[in-house]
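Okay, so here's the structure we're looking at.
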Amino acid sequence: RGRICMMGQDESKDLIEVVKHLQGTIIPPNAFLGIYGISLGASSSLMASASFSNVNFIVADCPYSSLDNLIHQWYKERHLVYKIHRPYLKSKFAKEGIDYNYISPLNYVKNSAIPTFFVHGTSDSLINYKHSEILFDNSIAIKKRLLLVKNAEHGQSIYVDYEKYHEEFNNFLKEIM
């Protein structure tokens, strides 16, 4: 812990503990509570979502759908053959204590009905916007939205088209309140 990024494995568990602590101390029991995450924070929020009982919504800005899909995307963009390196990568992650199969927001959105606002820039060169499309399509949340912002790089959607972001987010909030 604290030594390396755990790709959401420990970060999602930390988020669950923080929310529990805040709900037990600072936040009133019936407060309208949302979780906002960008990139790793978005993916961690989604992985934690099935554990939340009093969270009213999540904003997931440029999340990855799974560690496996993300690394596969990176290999494909570099014209490398992922399936040859996959076993080696899995063992390297395991040596660092990272459970390759656990790190899959996709598995968690299939079990969480928390309203979710997915956002992604179409020019994101770190995490392709298709990750958000996959998550949106597989989410069981009845109230969900997907905003794809043209020409936005990683984590920059709100800056590239603030008006659209603001409008879509406000419409999302009106829908869930």
Side-chain angles (χ1 to χ4, degrees), residues 1-70 93-121 124 126-127 131-147 149 154-159 162 165-177:
R1 277 197 179 268
R3 206 167 50 90
I4 62 170
C5 171
M6 299 297 285
M7 298 303 295
Q9 178 177 290
D10 287 354
E11 295 85 351
S12 61
K13 294 171 186 172
D14 290 343
L15 179 59
I16 292 166
E17 292 307 311
V18 167
V19 169
K20 282 181 188 175
H21 173 74
L22 292 174
Q23 288 179 327
T25 57
I26 298 171
I27 299 173
N30 295 327
F32 190 75
L33 178 62
I35 305 290
Y36 183 99
I38 298 174
S39 192
L40 174 64
S43 298
S44 297
S45 298
L46 295 172
M47 288 193 294
S49 64
S51 297
F52 295 136
S53 58
N54 293 335
V55 170
N56 300 94
F57 69 93
I58 293 173
V59 177
D61 193 330
C62 59
Y64 51 84
S65 56
S66 73
L67 180 59
D68 194 47
N69 289 344
L70 180 62
F93 278 109
K95 285 180 183 173
E96 292 296 335
I98 297 174
D99 181 346
Y100 205 81
N101 297 319
Y102 175 88
I103 302 170
S104 178
L106 181 58
N107 291 341
Y108 296 89
V109 299
K110 292 176 181 179
N111 296 303
S112 173
I114 295 176
T116 306
F117 183 59
F118 297 93
V119 183
H120 219 118
D124 190 333
L126 183 61
I127 301 172
H131 287 266
S132 282
E133 288 181 331
I134 291 167
L135 291 165
F136 177 81
D137 290 342
N138 285 276
S139 171
I140 64 164
I142 295 169
K143 296 180 180 181
K144 60 185 178 179
R145 281 183 185 240
L146 172 62
L147 172 62
V149 179
H154 189 69
Q156 298 298 304
S157 295
I158 195 166
Y159 305 112
Y162 175 80
Y165 196 109
H166 183 72
E167 176 187 344
E168 289 293 323
F169 180 64
N170 280 335
N171 288 337
F172 171 72
L173 285 179
K174 287 176 189 171
E175 182 183 337
I176 65 173
M177 292 178 92

Can you see which heavy atom on [X] is nearest to which on [Y], and at what distance?
| X | Y | result |
| --- | --- | --- |
| Ala31 | Asn56 | O-OD1, 3.4 Å |
| Pro63 | Ala42 | CB-CB, 3.7 Å |
| Thr116 | Ala60 | CG2-CB, 4.5 Å |
| Asn54 | Gln23 | CB-NE2, 3.1 Å |
| Ser44 | Glu11 | OG-CB, 3.4 Å |
| Glu175 | Lys143 | O-NZ, 3.2 Å |

(message) I'd like to check Phe118 versus Asp137 (side-chain heavy atoms, cut-off strictly below 4.5 Å). Are they in contact?
(response)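 Phe118 does not reach Asp137 side chain to side chain.
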(request) Please examine the side chains of His120 and Ile127, heavy atoms only from C-beta on, and report whether any two atoms are closer than 4.5 Å. (result)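 With C-beta onward as the side chain, the pair touches.
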Inter-residue atom distance [X].[atom1] - [Y].[atom2], 0.5 Å rounding:
| X | Y | atom1 | atom2 | answer |
| --- | --- | --- | --- | --- |
| Leu40 | Met47 | CG | CE | 7.0 Å |
| Phe52 | Ile35 | CZ | CD1 | 4.5 Å |
| Ile27 | Leu33 | CD1 | CG | 4.5 Å |
| Leu147 | Asn171 | CG | CG | 11.0 Å |
| Ile114 | Ile142 | CD1 | CD1 | 13.0 Å |
| Thr25 | Lys20 | OG1 | NZ | 13.5 Å |

(request) Look at the aromatic rings of Tyr165 and Phe117 and report parallel, tilted or perpendicular, splitting at 30° and 60°. (result)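 Because their plane-to-plane angle is over 60°, the rings of Tyr165 and Phe117 count as perpendicular.
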(message) Pair Asp68, Ser104 - check side chain to side chain contact (heavy atoms under 4.5 Å, CB included), show working.
(response) CA-CA 8 Å; Asp68 194 47; Ser104 178; over 6 Å; no
With no hydrogens and no angle check, is any side-chain donor or acceptor of [X] less than 3.5 Å from a backbone partner on [Y]?
| X | Y | result |
| --- | --- | --- |
| Ser139 | Leu135 | no |
| His131 | Ser65 | yes |
| Ser43 | Tyr64 | yes |
| Ser112 | Val109 | no |
| Gln9 | Tyr102 | no |
| Ser49 | Leu46 | yes |

(request) Tell me whether the centres of the aromatic rings in Phe57 and Tyr36 are closer together than 6.0 Å. (result)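 They do not qualify: ring centres at least 6.0 Å apart.
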(message) Is it the case that atom CG in Asn30 sees more than 12 heavy atoms from other parts of the structure closer than 6.0 Å?
(response)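 Atom CG in Asn30 is not crowded, with 12 or fewer foreign heavy atoms closer than 6.0 Å.
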(message) Are more than 12 heavy atoms, taken from residues, nucleotides or ligands other than Tyr159, located less than 6.0 Å from that residue's OH atom?
(response)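 Not more than 12 within 6.0 Å, no.
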(request) Assess whether side chain to side chain contact (heavy atoms under 4.5 Å, CB included) is satisfied between Ile103 and Leu70, documenting all intermediate values. (result) CA-CA 10 Å; Ile103 302 170; Leu70 180 62; over 6 Å; no
(request) Dump the intermediate steps for side chain to side chain contact (heavy atoms under 4.5 Å, CB included) on Phe93 and Leu67, then the final yes or no. (result) CA-CA 11 Å; Phe93 278 109; Leu67 180 59; 4.2 Å; yes
